[in-house]
Novice: 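Structure below; questions to follow.
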Amino acid sequence: MSANRPAAVVVLAAGEGTRMKSKTPKVLHDISGRSLVGHVVTAAGDLSPEHLVVVVGHAREQVKAHLDTVYPGTRTAVQEEQKGTGHAVRIALESLDGTGQTLSGTVVVVCGDTPLLSGATLTALAATHAADGNAVTVLTAEVPDSTGYGRIVRDAATGAVTGIVEHKDASEAQRAIKEINSGVFAFDGQLLADALGKVRTDNSQGEEYLTDVLGILREAGHRVGASVAADHREILGINNRVQLAEARRLLNARLLEAAMLQGVTVVDPATTVVDATVTFERDAIVHPGTQLLGATHIAEDAEVGPNTRLKDTTVHSGARVDNSVADSAEIGPNAVVGPFAYLRPGTRLGLKSKIGAFVEVKNSTIGEGTKVPHLSYVGDATIGDFTNIGAASVFVNYDGEKKHHTTIGSHCRTGADNMLVAPVTIGDGAYTAAGSVITKDVPAGSLAVARGQQRNIEGWVARKRPGSAAAQAAQAAAAEGDRES
Ligand code: UD1
Ligand code: MG
């Protein structure tokens, strides 16, 4: 838990985000497996605040529903009309007042559209705020192009922050300032509440600016401080889809860097995509063109890729997944998958099992050392240990209305090109002949043959296809046979 635990974190997310040109509210757009607001809520969680309030307005039902499902316990406060960032924070504080809680501690304010902001930066801001005994501490950054941002105004002689002036209200000289307001602050809760009551709307946008609180507190003789972010890219706010892509690229690079420093080999970070929720163990290897999504876990010495997409999938130690797609699958230790396998939800592969080329598996448990090497569909099945499924086999699980289960024992050998028509059970150690359509249970240790008998009609080609190349070849073969005998 954070040493400087704030009383509350307020996340501002009521704006519409018109520049996204989207029917999805801006803060619900996804990068690296989380919504924009989800990244902010996650970073805020590192501070272990007593309360976390997200101010919602535009598309509030959708935003609230998202928070309720993905971040249960997150409180929301509704800002009916977007009358400015100061107004939004005022509404958040009023919603907390209603709980009878006192906000005597620190209140941290962040924007819902800054997904790169890290928990570490927030923690550092809270620490500076506490150590310096400030009434407010603003997170600032030096940016190459400060257009559009609020500028940090400092006293020429002392360097102390005197206030923030919004781009639209700034003079030419102030617009030249490269130090900007990130929109992230730590406040003394009580002083914030008092100052918000004094914020006016006589500015170019006719809004209650949260940024005006700095000047108000300073004039009342309180300490106003600033903490400069080490990396200005962390405070990148998303306004359009170009910035969305840029943020994803930066976050992806950051996530891969963390994985590499933790002992994961990422062969080509430029073509590897990883969600914030993916976890690794050391000595995992990720080959180029791989996407690891959702709750995917790659264990020690496992090797995934190239050109592989894994979602919510666990790859156990030493397993190998090549050129394959998996969703909600579990790949056992030292198992081998692909190239060109498709593992669908409910697939569980045992220790050292193998799913080979052009094989699809769904809702099935494959035992230790069992192999499905080529061109097959395995659906709704349980297969024991050390069994081999012949090439081009289909587990016929669907009768047009219901799905049925197939059970195959251990040490079985099913022939190539089998249709296993479920529900059906094959006992331990049983064999089936190539080309069989298995509709009845096969007892342990039996050989099942379920195919038409072969019939050879001699001389058919000569009679029915006289003069054809086939007939000539047959005639030559017969003559050859005569000479040899
Ligand atoms: C704001 C800051 C600016 C800073 C910039 C950083 C103010 C007055 N200005 O400007 O100094 O450099 O962020 O990105 O604070 N919001 C609400 N309700 C409102 C208005 C805004 O919830 O009534 C939310 C928005 O959804 C957004 C955040 O507050 O998440 C910031 O609002 P935005 O309109 O983007 O402010 P900027 O003009 O970017
Ligand atoms: Mg903004």
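As the structure lists them, so they are numbered: ligands from 1, and atoms in each ligand from 1.
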Novice: Show me which atoms of ligand 1 lie under 4.0 Å from any heavy atom of Cys111.
Specialist: 28 (C), 30 (O), 31 (C)
Novice: Check each of Leu12, Thr85, Thr114, Ile91 against atom 7 (C) of ligand 1 and report the one with the nearest heavy atom.
Specialist: Thr85
Novice: Kindly state each residue pair satisfying ring-ring contact (aromatic ring centres under 6.0 Å, His included) with at least one member in residues 157-204, sequence neighbours excluded.
Specialist: Phe185-Phe187
Novice: Is the shortest N/O to N/O distance between Asn239 and ligand 1 below 3.5 Å?
Specialist: no
Novice: Within a radius of less than 6.0 Å around CZ of Arg241, do more than 12 heavy atoms belonging to other residues, nucleotides or ligands occur?
Specialist: yes
Novice: Report, in ascending order of atom number, the atoms of ligand 1 lying under 4.0 Å from any heavy atom of Gln82.
Specialist: 18 (N), 19 (C), 23 (O)
Novice: May I ask you to check if ligand 1 and Gly15 share an N or O to N or O distance below 3.5 Å?
Specialist: yes
Novice: Give the atom numbers and elements of ligand 1 that come within less than 4.0 Å of a heavy atom of Thr211.
Specialist: 7 (C), 8 (C), 11 (O), 15 (O)
Novice: If we only count heavy atoms from C-beta on, is the Lys26 to Val37 side-chain gap below 4.5 Å?
Specialist: no
Novice: Can you find an N/O atom of Leu210 closer than 3.5 Å to an N/O atom of ligand 1?
Specialist: no
Novice: Could a heavy atom of Ile180 be found less than 4.0 Å from some atom of ligand 1?
Specialist: no
Novice: Just let me know how Glu166 lines up against ligand 1, side chain, backbone, both or neither, with a heavy-atom cut-off below 4.0 Å.
Specialist: side chain
Novice: Under 4.0 Å, heavy atoms only, figure out whether ligand 1 is touched by the backbone of Ala14, its side chain, both or neither.
Specialist: both
Novice: Please identify which atoms of ligand 1 are closer than 4.0 Å to at least one heavy atom of Ser182.
Specialist: 6 (C)
Novice: Relative to ligand 1, is Lys83 under 4.0 angstrom through side chain, backbone, both or neither, heavy atoms considered?
Specialist: backbone
Novice: Can you check whether Tyr149 has an N/O within less than 3.5 Å of an N/O in ligand 1?
Specialist: no
Novice: With respect to Asn181, determine whether any N or O atom, backbone or side chain, lies less than 3.5 Å from an N or O atom of ligand 1.
Specialist: yes
Novice: Is the number of heavy atoms from other residues, nucleotides or ligands within 6.0 Å of OH (Tyr342) greater than 12?
Specialist: no
Novice: Can you tell me which residue pairs pass the side chain to side chain donor-acceptor pair (under 3.5 Å) test with a partner in residues 247-262, sequence neighbours excluded?
Specialist: Glu246-Arg249
Novice: Counting distance only, does the side-chain N/O of Asp30 pair as donor-acceptor with the main-chain N or O of Arg34 below 3.5 Å?
Specialist: yes
Novice: As an exercise, identify every atom of ligand 1 less than 4.0 angstrom from a heavy atom of Ala88.
Specialist: 17 (C), 18 (N), 22 (O)
Novice: Please confirm whether Gly84 comes within less than 3.5 Å of ligand 1 when only nitrogen or oxygen atoms on both sides are compared.
Specialist: yes
Novice: Spell out, as yes or no, whether a donor-acceptor pair under 3.5 Å connects the side chain of Ser32 to the backbone of Asp275.
Specialist: no
Novice: Quick one: which of Val213, Asp212, Leu214 gives a side-chain contact (heavy atoms from CB on, under 4.5 Å) with Leu210?
Specialist: Val213
Novice: Check this for me: does any side-chain nitrogen of one of Arg282 and Glu300 sit under 4.0 Å from a carboxylate oxygen of the other?
Specialist: no
Novice: So which of Lys362, Lys402, Lys403 actually passes salt bridge (charged side-chain N to carboxylate O under 4.0 Å, His left out) with Asp380?
Specialist: Lys362
Novice: Decide whether an N or O pair under 3.5 Å exists between Gly150 and ligand 1.
Specialist: yes
Novice: Less than 4.0 angstrom from a charged side-chain N to a carboxylate O is my criterion; do Glu179 and Arg154 meet it?
Specialist: yes
